[in-house]
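Whatever order the structure lists ligands and atoms in, that order sets their numbers, starting from 1.
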Amino acid sequence: MTPDIQSKLPQVGTTIFTVMSALAVKHNAINLGQGFPDFPMNPKLTSLVNETMQSGYNQYVHMCGLPALRERLAEKVNEDYNTHVNPETEITLTPGGTYAIYTAFTSILQPGDEVILFEPAYDSYIPNIEINGGVAIRIPLEFPDYSINWELVKSKVNSKTKAIIINTPHNPTGSVLTQEDIAQLRSIVEGTNIFIISDEVYEHLIFDNKEHLSILRYPDLKARSFVCFSFGKVYHCTGWKMGYCIAPESMMKEFRKVHQFNCFTCNSPVQFALAEFLKDKNQYRELGSFLQKKRDYFKSLMAQTPFKPLPSFGSYFQLYDYSGFSNESENDLAIRLTQEAGVATIPVSAFYKTPVDNKVLRFCFAKKEETLEAAVERLVKFF
Ligand code: GLN
């Protein structure tokens, strides 16, 4: 007899990305749902991995990540964000950004601790908090620009507030934090013991000459933050599941305690290859304009459909409003579009614990031009 598990996540089903990708496969739909590029990554980087494997770099590297890679990363963030990060004590390589966020929560949360987050929220945050006995304090972003109501944040802060999680550029909405947001955050946490978890996996996917306001730029905020990054988003290799976390030494020490007994250390050949590849600092400089062109091209194609774009200032994603032509729920429309039009998207209601239905779907535009063209052609036929 198989024993019953008393679930730690009784309300959690399968992540929407897996659900929609499976539905896309089933109906042979073009997948603009789950966020991943369909264009090739830099062949130099794949060759480097191949070379490192062939040369025998296939055994465990240091538990916190290959030292040479941590050094490259420290140089990168120090230059990009005018900061000073110690590669030995403040950076840990992780199997992806999501894992870094999970590990950060696991390092700090005690049962009953509250974490403030903003909805729509990336779908792993709340389960990460709850599995660690924490309580998610959900604050809705203001529709339709998805800005933060800081007065509401202030009203939710109390002695149980352990952390605030922010995400810029934001998944799923493509909004980005402004200087004013940073100022508000600073004034709220100043003099408190509140940690910040900063999900910055889309750091370089930022458009319209906006600057990425990394938490690392602000020494007072950096001193209380786990800042989480992703190689997958920067080098077009989401399937490699490689990322890293930066935090002050005392916080990183706890993070590493959790990490060492979970994953212990990440894939070695990929780290050797990245350490070499990152010597060329220009690899990601054009990323913002590259994806901005895709956003704009997709938007120009989508003008043939009744979908109305909401602004996207960063990430892989743009939200489209369909309230002008349908009353269906986001979920129903996303399923119907996959089945009948052959285009998969993500209903934004999936990013709320209690679904909020603003009649918007998330489209991933990090695709080849021909993929975007074929998807919109299918949508045009559908209408
Ligand atoms: N981050 C990706 C997205 O938002 C998906 C990652 C995943 O499937 N877990 O689409």
Side-chain angles (χ1 to χ4, degrees), residues 9 12-26 29-39 41 94-105 117-129 131 141 146 165-176 197-206 228-245 263 287 291 294-295 298 310 312-320 330-331 334-335 337-338 343-353 360-367 371-372 375:
L9 298 171
V12 170
T14 304
T15 154
I16 189 70
F17 308 117
T18 301
V19 170
M20 292 309 296
S21 287
L23 201 65
V25 170
K26 181 165 170 209
I30 297 172
N31 192 352
L32 303 188
Q34 192 177 28
F36 60 89
D38 73 342
F39 40 84
M41 57 180 296
T94 61
T98 304
Y99 173 105
I101 294 165
Y102 182 88
T103 307
F105 279 129
L117 59 85
F118 303 97
E119 283 189 323
Y122 187 60
D123 75 338
S124 71
Y125 299 166
I126 294 177
N128 283 186
I129 294 163
I131 204 165
L141 293 170
Y146 294 101
I165 177 159
I166 55 169
N167 172 212
T168 187
H170 186 255
N171 180 5
T173 69
S175 63
V176 298
I197 296 179
S198 187
D199 175 353
E200 301 187 13
V201 298
Y202 297 102
E203 58 178 330
H204 298 304
L205 285 66
I206 187 159
C228 303
F229 296 99
S230 158
F231 291 102
K233 311 297 187 295
V234 179
Y235 304 108
H236 311 317
C237 51
T238 61
W240 283 12
K241 290 301 301 172
M242 283 291 293
Y244 55 104
C245 181
C263 162
L287 204 50
L291 275 147
K294 295 202 177 288
R295 176 200 64 177
F298 184 56
L310 266 55
S312 166
F313 299 109
S315 81
Y316 283 153
F317 310 114
Q318 180 138 28
L319 302 189
Y320 280 85
E330 292 174 0
N331 214 39
I335 291 172
L337 282 180
T338 311
V343 178
T345 59
I346 302 285
V348 176
S349 48
F351 299 89
Y352 292 86
K353 186 166 183 184
V360 281
L361 297 178
R362 190 193 81 172
F363 289 76
C364 173
F365 53 76
K367 304 289 173 189
T371 309
L372 299 175

Chi angles and distances behind the ring-ring contact (aromatic ring centres under 6.0 Å, His included) call for Y316, F36:
CA-CA 8 Å; Y316 283 153; F36 60 89; 8.7 Å; no
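For F317, every heavy-atom contact with ligand 1 shorter than 4.0 Å involves the side chain, none the backbone. Residue contacts with ligand 1, taken as heavy atom pairs separated by less than 4.0 Å, involve N171 solely via side-chain atoms from C-beta onward. Contact annotation for F36 and ligand 1: no heavy atom of the residue comes within less than 4.0 Å of the ligand.
For atom 2 (C) of ligand 1, the candidate residues are G35, S124, S315, S230; the nearest heavy-atom contact is made by G35.
Of the protein's heavy atoms, Q34 NE2, 2.7 Å lies nearest to atom 8 (O) of ligand 1. The nearest heavy-atom contact from the protein to atom 1 (N) of ligand 1 is Y122 OH, 3.3 Å.
A donor-acceptor pair is defined here as one N or O able to donate and one able to accept, closer than 3.5 Å; such a pair exists between the side chain of E330 and the backbone of S349. Here the side chain of E119 pairs a donor or acceptor atom with the backbone of K353 at under 3.5 angstrom. Side-chain atoms of R362 never come within 3.5 Å of backbone atoms of T173 as a donor-acceptor pair (strictly under, hydrogens ignored).
The two residues T168 and V176 come nearest to each other via the heavy atoms OG1-CA, 3.4 Å.
Side-chain polar atoms of S315 and N171 form no donor-acceptor pair below 3.5 angstrom.
Contact atoms of ligand 1 toward F17: 3 (C), 4 (O), 5 (C), 7 (C), 8 (O), 9 (N), 10 (O) (distance under 4.0 Å to a heavy atom of the residue).
Where the criterion is an N or O separation shorter than 3.5 Å, residue side chain and backbone included, R362 meets it with respect to ligand 1.
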